[in-house]
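I have placed the structure first, in the form of structure tokens, so that the comments after it can refer back to it.
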Amino acid sequence: MTEQRTDDTRKGVRRTVARTLVALAGMFVFAFALVPLYDVFCQVTGLNGKTSNQAQALVHEDADEGRVVTMQFITRGSPGLPWSLEAHTRQVRVHPGQSAEVEFTFENMGDEVSVARAVPSVTPSQASLHLRKLACFCFQNQRLAPGERFEAPLVFQLTRDLPDDIQTVTLVYTLYRQDAASSPGSGDQVRGGDA
């Protein structure tokens with residue numbers, strides 16, 4: 001009788017261990033799949049203000065002359081990166097359907113070559129679905145020598161189907177240091193003396 005109970009207990013323990021291992025493996029797989037799934041979800045829904053990281057085509061449509069949207073530009077650095085990024089124009093007023101261009105200046109104020117990327121986000125997040133970046137420095141890493149500065153354009157278009165209740169769109173660029181070991185062939189835009 002006790003031998004039967006011992007066998008039943010062992011089977012129960014094995015079953016519990018097997019279920020626990022399967023659940024653990026499932027959580028491990030889900031954790032790795034979560035980031036790409038989240039990125040796809042944000043891209044489809046426009047949540048989190050993520051924008052496309054590739055140039056988009058200009059849509060030839062008449063501008064909505066009866067409506068004006070204020071487009072604001074904010075730039076931020078990040079700790080440990082001795083760069084500055086400044087928008088020449090802090091805001092522009094555009095008609096949906098119209099394309100516009102704004103210049104930005106990057107400067108490496110450090111004493112060594114470094115690589116960074118300007119990562120965009122849009123507020124309100126719903127507007128990210130209606131912002132087309134036709135040309136943007138944010139599509140690739142930037143590599144600057146010490147003291148080097150350069151100007152880069154952002155060419156963009158807000159689509160005509162931008163919701164009527166959105167009257168101001170804010171585009172924020174945050175500079176992030178990229179892997180120092182990245183080579184010019186890995187997507188860096190090489191400048192000046194560091195070719």
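Hydrogens, waters and symmetry mates are skipped; everything else that's a heavy atom, side chains included, is used.
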Is there a side-chain contact between Pro82 and Asn108 (heavy atoms, below 4.5 Å)?
yes
Apart from Leu21 itself, its cluster of hydrophobic side chains linked below 4.5 Å comprises Val13, Val17
Distance-only donor-acceptor pairs under 3.5 Å for side chains of residues 161-170, two or more places apart:
from   : atom 1 : to     : atom 2 : distance (Å)
Asp161 : OD1    : His130 : ND1    : 3.1
Asp161 : OD1    : Thr159 : OG1    : 2.4
Thr170 : OG1    : Gln72  : OE1    : 2.9

Applying side chain to side chain contact (heavy atoms under 4.5 Å, CB included) to Val68 and not counting sequence neighbours gives Arg93, His95
CD of Glu148 to CZ of Arg143: how many Å apart, nearest 0.5 Å?
11.0 Å
Would you check if Lys133 and Leu154 make a side-chain contact, meaning some heavy-atom pair closer than 4.5 Å?
yes
Output yes when a side-chain donor or acceptor of Arg177 lies under 3.5 Å from a complementary backbone atom of Gly80, and no otherwise.
yes
Of the non-hydrogen atoms in Pro96 and Arg67, which two are nearest, and what is the gap between them?
CD-O, 3.5 Å
Side-chain heavy-atom pair Val113, Pro146 within 4.5 angstrom cut-off:
yes
Leu171 side chain near Ile74 side chain, heavy-atom distance below 4.5 Å:
no
If you look only at pairs with a residue in residues 73-84, which of them pass as a side chain to side chain donor-acceptor pair (under 3.5 Å), with sequence neighbours excluded?
Arg76-Thr174, Trp83-Ser114
According to salt bridge (Lys or Arg N to Asp or Glu O under 4.0 Å), who are the partners of Arg160, at least two apart in sequence or on a separate chain?
none
Approximate separation, where rounding is to 0.5 Å, of Glu101 CD and His88 NE2
11.0 Å
Examine Val119 and Val122 and state if one hydrophobic cluster contains both, with Ile, Leu, Val, Met, Phe, Trp and Tyr joined whenever side-chain heavy atoms are less than 4.5 Å apart.
no
For Arg10, enumerate each residue passing the side chain to side chain contact (heavy atoms under 4.5 Å, CB included) test, keeping only those at least two apart in sequence or located in another chain.
Thr6, Asp7, Arg14
Determine the interplanar angle of the Phe137 and Tyr173 rings, folded into 0 to 90°, and report it as parallel if under 30°, tilted if 30 to 60°, perpendicular if over 60°.
tilted
Not counting sequence neighbours, which residues clear side-chain hydrogen bond (donor to acceptor under 3.5 Å, both in side chains) with Glu86? List them please.
Arg90
Taking only residues at least two apart or on different chains, which pairs with a member in residues 118-127 satisfy salt bridge (charged side-chain N to carboxylate O under 4.0 Å, His left out)?
none
Any side-chain heavy-atom pair from Gln142 and Phe106 closer than 4.5 angstrom?
yes
Which value, rounded to the nearest 0.5 Å, describes the distance between Leu175 atom CG and Leu81 atom CG?
6.0 Å
Side chain proximity check, Arg149 to Thr105, heavy atoms < 4.5 angstrom:
yes
Partners passing salt bridge (Lys or Arg N to Asp or Glu O under 4.0 Å) against Glu103 (at least two apart in sequence or in another chain)
none
Between the CD atom in Gln91 and the CE atom in Met71, the distance rounded to the nearest 0.5 Å is 11.5 Å
Strictly distance-based, threshold 3.5 Å: is any side-chain N or O of Asn141 a donor or acceptor partner for the main-chain N or O of Arg117?
no
Are Val92 and Leu131 joined in one hydrophobic group, where the rule is that I, L, V, M, F, W and Y side chains link up if heavy atoms are under 4.5 Å apart?
yes
Side chain proximity check, Arg19 to Thr16, heavy atoms < 4.5 angstrom:
no
Same cluster (ILVMFWY, side-chain, under 4.5 Å), Tyr176 and Phe139
no
Could you see if Phe156 belongs to whatever hydrophobic cluster contains Val172? Use Ile, Leu, Val, Met, Phe, Trp, Tyr and a side-chain cutoff under 4.5 Å.
no
Rounded to the nearest 0.5 Å, what separates atom SG in Cys138 from atom CZ in Phe104?
9.0 Å
